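This report refers to the structure that appears directly beneath it.
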Amino acid sequence: MPELPDLEIFAENLDKRFRNKVLEQVEIKLAKSLNVALAELKVNLEGQELKSLTRNGLAISLQFKNHAVLTVDLMSSGKINVLRSSDVTAVNLINLYFKGGDVLAVTDPKDLSVFKLNPIQATVPDALSKEMTFEYLSSMLLDNKKQIKKVLLDQKIIRGIGHAYADEILWYAEISPFSIAGKIPANQIKKLQKTIKYVLLDAIKQIKKLSTEQVAAEMHDFLLIHNPGKEKSPTGRVIKTRSKAGMMTYYTDEQVLWS
DNA sequence: GCTCCTGTTGCTAC
DNA sequence: GGTAGCAACAGGAG
């Protein structure tokens, strides 16, 4: 459930709490959650000091002072927890025990979360990065026959947009999620590019207002369209839904279908 | 018309 | 709700 804005705030809060602390011990519940053997992870990380913790696309990235990197991808069902080592009862998907007694743990009812040691650096621009320009977005949409929502969700094109914010962004940009990407005119792509940044940055602001300590995602009431609690858009139009493979798309008739 | 090839969509298991 | 993987399907080239 956590998307970019939540992850951005988690990363800020976790960075404050764990930066410069020494990781003493790593526990993993399932071997399949990890891209290397547990022994290799331990050799690389145990005893190392955390340099910084940042958000990177839809993942959280822990950079250690020995240049080792551990990424945490919560997928759709993972949750980050901070607790004291004395309170660790269950074997979580991952437990990172830091010197001083704080533990960074990931719980996940579906065990979908994945952890990677030193993953290959992605060259795909983050949704909030400088590289996410109009020119870049246009080049990715050119001759693209996929539906625009699929393109926005594709982490190999833009990193950081999930279902909820894709719907919000497309509503603000007045583009139907079912529009064919390559058919969207340049002025609309320009609007879309600005909207991506606006919606995500605004969401970060709103979450900060709600809570400063947060490390766990909740359903956000400020979502205007991708929100089961709302029946109408701010302009009074009925919000429609369409589901495919269990995933729900929320939209209204205000959004132009380019096809 | 048909077959091969390719890209896209839909669905499932993690 | 995120991703990989694969089956099903659609459309174009030959």
Side-chain angles (χ1 to χ4, degrees), chain A residues 1-11 28-36 55-61 70-80 91-94 106-116 119-120 122-128 140-171 176-184 196 199-200 203 207 214-230 239 241-251 257-259:
Chain A
M1 172 141 38
E3 286 205 31
L4 184 148
D6 296 286
L7 293 168
E8 182 75 22
I9 309 239
F10 301 169
I28 290 265
K29 185 167 99 177
L30 303 168
K32 64 151 184 131
S33 306
L34 189 61
N35 69 332
V36 295
R55 180 195 62 81
N56 196 335
L58 289 173
I60 295 285
S61 176
L70 177 70
T71 61
V72 174
D73 201 327
L74 297 173
M75 307 300 267
S76 58
S77 55
K79 279 201 175 81
I80 289 181
V91 183
N92 298 309
L93 258 197
I94 195 169
V106 171
T107 51
D108 186 341
K110 295 184 183 169
D111 292 338
L112 299 180
S113 300
V114 288
F115 314 106
K116 290 178 191 152
I120 297 152
T123 54
V124 179
D126 187 272
L128 290 180
M140 288 297 119
L141 301 194
L142 186 70
D143 293 335
N144 192 320
K145 297 187 184 76
K146 291 186 198 164
Q147 293 179 352
I148 186 64
K149 183 173 177 182
K150 285 192 170 56
V151 177
L152 293 184
L153 294 177
D154 188 342
Q155 303 299 306
K156 293 184 184 69
I157 294 177
I158 306 166
R159 286 182 303 131
I161 302 175
H163 277 276
Y165 288 96
D167 286 350
E168 296 295 301
I169 288 164
L170 288 168
W171 180 78
S176 163
F178 313 111
S179 291
I180 302 304
K183 298 288 172 83
I184 300 171
I196 290 171
V199 168
L200 295 173
I207 298 168
Q214 195 187 7
V215 296
E218 291 154 24
M219 224 26 158
H220 292 308
D221 217 37
F222 62 77
L223 293 175
L224 299 175
I225 305 299
H226 191 102
N227 187 336
K230 299 231 155 106
I239 297 172
T241 59
R242 198 183 290 186
S243 84
K244 24 155 191 157
M247 304 298 187
M248 201 68 99
T249 292
Y250 296 73
Y251 64 104
L257 178 66
W258 305 91
S259 60

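The analysis underlying the following values was restricted to heavy atoms, covering all of them including side chains, and did not include hydrogens, waters or symmetry mates. Sequence lines set the chain letters: A, B, ... in the order given, protein chains first and strands last, and positions in each chain run from 1. Remember, predicted model here, so these are calculated numbers, not experimental data.
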Judged by atom type as modelled, is there a donor-acceptor pair below 3.5 Å linking the side chain of A:K110 to the main-chain atoms of A:G78?
-> no
Length of the line joining A:R242:CZ and C:dG1:P, which is rounded to integer Å = 17 Å
Please identify each residue that fulfils side chain to side chain contact (heavy atoms under 4.5 Å, CB included) with A:V199, with sequence neighbours left out.
-> A:Y165, A:E168, A:I169, A:Y172, A:T195
Go through the structure and list residues passing side-chain hydrogen bond (donor to acceptor under 3.5 Å, both in side chains) with A:D108, not counting sequence neighbours.
-> A:S77, A:S113
Report the distance from atom CZ of A:R55 to atom CG of A:L128, rounding to the nearest 0.5 Å.
-> 5.5 Å
Taken in chain and number order and not counting sequence neighbours, the residues that satisfy side-chain hydrogen bond (donor to acceptor under 3.5 Å, both in side chains) with A:T249 are A:K149
Spell out protein contact along nucleotides 7-14 of chain C as letters: B when the base is contacted, S when just the sugar-phosphate is, - when no protein heavy atom is under 4.0 Å; keep the 5' to 3' order.
-> --------
Can you name the residues that form a side chain to side chain contact (heavy atoms under 4.5 Å, CB included) with A:A127, not counting sequence neighbours?
-> A:L4, A:I158, A:I161, A:I196, A:L200
Length of the line joining A:M248:CE and C:dG1:C1', which is rounded to integer Å | 12 Å
For A:L58 and C:dA4, give me the distance from atom CG to atom C1', rounded to whole Å.
-> 16 Å
Taken in chain and number order and not counting sequence neighbours, the residues that satisfy ring pair (Phe, Tyr, Trp, His ring centres under 6.0 Å) with A:Y251 are A:F178
Would you tell me if any nitrogen or oxygen in the side chain of A:K79 comes within less than 4.0 Å of OP1 or OP2 on C:dG1?
-> no
Specify the separation, in whole Å, of atom CG of A:L7 and atom P of C:dG1.
-> 14 Å
Separation of A:D167 atom CG from C:dG2 atom C1', in whole Å?
-> 15 Å
Assert: residue with more 5' nearest nucleotide on DNA chain B, out of A:K110 and A:I180, is A:I180
From the 5' end of DNA chain B to its 3' end, which nucleotides mark the outer limits of contact with chain A, defined by a 4.0 Å heavy-atom distance cut-off (strictly under)?
-> B:dT8 to B:dC14
Does A:N56 have any side-chain hydrogen bond (donor to acceptor under 3.5 Å, both in side chains) partners at least two apart in sequence or in another chain, and if so, which?
-> A:R159
Identify, with sequence neighbours excluded, every residue that meets side chain to side chain contact (heavy atoms under 4.5 Å, CB included) alongside A:M247.
-> A:H163
Measure from CG on A:L112 to C1' on C:dA4 and round the result to the nearest Å.
-> 12 Å
Name all residues meeting the salt bridge (Lys or Arg N to Asp or Glu O under 4.0 Å) criterion together with A:D111; count only those two or more places apart in sequence or in a different chain, and write none if there are none.
-> A:K29
Between residues 144-155 of chain A and DNA chain B, which residues have a heavy-atom gap below 4.0 Å?
-> A:K145, A:K146, A:Q147, A:K150
From CE of A:M75 across to C1' of C:dG5 the rounded distance in Å is 13 Å
Of A:M247 and A:D143, whose nearest nucleotide on DNA chain B comes first from the 5' end?
-> A:D143
For A:T107, all residues meeting side-chain hydrogen bond (donor to acceptor under 3.5 Å, both in side chains), sequence neighbours excluded | A:N81
Roughly how many Å is it from CD1 in A:I161 to P in C:dT3, rounded to a whole number?
-> 12 Å
